2 protein chains.
Amino acid sequence: MSDKRENMAGSVSGGIQSVDVALRLVGELAQCGGPVTLSELARRAEMPPSKAHRYLASFIAAGLVVQAGRSGKYDLGPAAMEIGLAALARHDFVNRSADALPELRDATGMTVLLSVWGTEGATVVRWERAPAPVITSMGLGTTLPLLTSASGRIFLAWSPPGAIGGHLEKELALTRSNPTQSHLDYDVENVKALRERIREAGFATVDGRFIPGLVAVAAPVLDWQGEAQCAITLIGTDPAAIRPDGKVVSKLLEFCHGQSVALQTQATG
Amino acid sequence: MSDKRENMAGSVSGGIQSVDVALRLVGELAQCGGPVTLSELARRAEMPPSKAHRYLASFIAAGLVVQAGRSGKYDLGPAAMEIGLAALARHDFVNRSADALPELRDATGMTVLLSVWGTEGATVVRWERAPAPVITSMGLGTTLPLLTSASGRIFLAWSPPGAIGGHLEKELALTRSNPTQSHLDYDVENVKALRERIREAGFATVDGRFIPGLVAVAAPVLDWQGEAQCAITLIGTDPAAIRPDGKVVSKLLEFCHGQSVALQTQATG
DNA sequence: AAATCTATTGCATAATGCGTAAAAAATGAG
DNA sequence: CTCATTTTTTACGCATTATGCAATAGATTT
């Protein structure tokens, strides 16, 4: 009767089941804003607390998770930072651009954002706040929407459709169910046209419609395949700053082009 | 004869064995500078390639690992970044100090480093390069030595001895076997005295002996238990800048004290 | 102080990961 | 182009290991 050799659990990755469970657990923990109790974490990951507890024991032993204070709550630990920083250093435009981002900020007077494409969307990896008092509460790891942020639109335009398909659908569904933002109601055709327009222009902008009073312009750093490795975004308050033929946009494009060339020449392997 | 219920493998974490293996594997992958082949990774992690392959399948399914190009080499993926960034955002002195670090840099004219204690040692988490041309090629995730860096010495002095014991011994052994650095030959007694001196002073300095031409001074941000949550380090070229009664040191101490207070008042739970 | 919720540990069972080994694919030499 | 060699991937049965359930211990609230 047990001639079915396939994995009877839903998560068929061809790998190790325990690891699938473990990664689901750390994923949930990462999405929680801060320390969580065992039972809440178990609830989110949809597993009995005792099971979660055993996995957490392994995580703690590896330093991936720590138990905060004596509240017993669990939180991500130092090993998580190290793995993340190692991953960040791999895609080394982060380090390479470290010197350049402040320059760009000073040259434009706008807040500079560096984001990459993660599993949850466009993820902020580094930012340089402008001297001007722009109220942007955007921390490391913030994920930005695909359609309504300049950063997101870069990945919309310069990522293989397969990579963003799921997220795009999710956002489209969300806009439809949100009639208050009727001016944003994109459909499959609109998005296709938007994508083309952005690719032709070489950059993407959003005006104050999405975040009132804030405007942004973004451009991609492209690898040898023409895919966006990261997006550089400038955020400010002056709508005039993001005019297609303005100084800000040209500086941004120049910068991104230089980064793209640097990325493509070194990664010939 | 199998009445021994204890885990017969070496890694007894009280958790899930498969997860211990998995975390060892990602740890190795993180320590490799870049993409690695299956066989090399398996060699490092001391397991048969077939075993590593199965684990990697799970990692890839979760986005923790990607297969670079068609070389088949494995590398850390976007999920690794996200987990790391989430961990970084948790220990929120990173975000809190984001505004403050540049101020400190401008006030002192020195390069500012923010480091935390990770499993591999003192780990650079954020830095602000000084306008002055200081040649410091220090990327995110760089780990600094415990004895011969100002950042490391902070954790030497303000960490529970148990947490740093292993690393300390390793470094002591390394210094002993390295006769060219005879002026560094610390032993258990020396280190104990060094630790006491640093704790009394409230900060640690290193002069040009370790990195010729560079000097550094560091101070801790302490949590409610009196342990160092992170270290703030100033790096420069002028030995006069790091005098104990100088302006730079007092600015640094003032800054760290402020951060410590902020940390302790908000984390009352 | 009682009660409720949460965290942690123990145990039997069967499901899962492990080693061995072979197939398939890639690489390199003649 | 063909063969030889290395590397990656898949297959399978056995034994170890993760699991669900339940009991205990601890914490927090009424």
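This one's a predicted model, so the numbers in the text were calculated from it and none came from an experiment.
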Fill in: Overall bend - the helix from C:dA1-D:dT30 to C:dA22-D:dT9, comparing terminal axes fitted on five pairs, nearest 10 degrees
50°
Discussion item. Is the phosphate of C:dG17 approached by B:Gln17 (side-chain N or O, under 4.0 Å from OP1 or OP2)?
Written reply: no
Practice prompt. Round to the nearest Å and state the distance from B:Ile16 atom CD1 to D:dA18 atom P.
Written response: 5 Å
Worksheet entry | Short side-chain N/O contact from B:Tyr55 to OP1 or OP2 of D:dT9, under 4.0 Å | no
Practice prompt. With a 4.0 Å heavy-atom cut-off, tell me which residues in residues 41-54 of chain B come close to DNA chain C, sorted by residue number.
Written response: B:Pro48, B:Ser50, B:Lys51, B:Arg54
Worksheet item: To the nearest Å, how far apart are A:Lys73 NZ and C:dT6 C1'?
Response: 12 Å
Worksheet item: In whole angstroms, how far is the C1' atom of C:dT8 from the CD atom of A:Gln67?
Response: 11 Å
Fill in: Pair A:Glu40 + A:Arg44: basic N to acidic O under 4.0 Å
yes
Discussion item. Can a donor-acceptor pair be found, under 3.5 Å and without considering hydrogens, that links the side chain of B:Arg24 to the backbone of B:Ala45?
Written reply: yes
Worksheet item: For the residue pair A:Ile154 and A:Pro220, what are the closest heavy atoms and their distance?
Response: CG2-CB, 3.4 Å
Worksheet item: Considering only heavy atoms from C-beta outward, does the side chain of B:Phe255 approach that of B:Leu101 to under 4.5 Å?
Response: yes
Fill in: Residue pairs, two or more places apart or on separate chains, that pass salt bridge (charged side-chain N to carboxylate O under 4.0 Å, His left out) and touch residues 152-171 of chain A
none
Item to complete: Measure the distance from CD on B:Glu40 to P on D:dT6 and round it to the nearest whole Å.
Response: 17 Å
Worksheet entry | Residues in salt bridge (charged side-chain N to carboxylate O under 4.0 Å, His left out) contact with B:Glu254, at least two apart in sequence or another chain | none
Worksheet, complete the sentence: Taken in chain and number order and not counting sequence neighbours, the residues that satisfy ring pair (Phe, Tyr, Trp, His ring centres under 6.0 Å) with B:Trp158 are none
Discussion item. Can you work out whether A:Ser18 or A:Tyr74 has the more 5'-proximal nearest nucleotide on DNA chain C?
Written reply: A:Tyr74
Worksheet item: Would you call the rings of A:His167 and A:Trp117 parallel, tilted or perpendicular if under 30° counts as parallel and over 60° as perpendicular?
Response: perpendicular
Item to complete: Give the rounded distance in Å between these two atoms: CG of B:Leu38 and P of D:dT10.
Response: 11 Å
Worksheet item: Who pairs with B:Glu227 by salt bridge (charged side-chain N to carboxylate O under 4.0 Å, His left out), at least two apart in sequence or on another chain?
Response: none
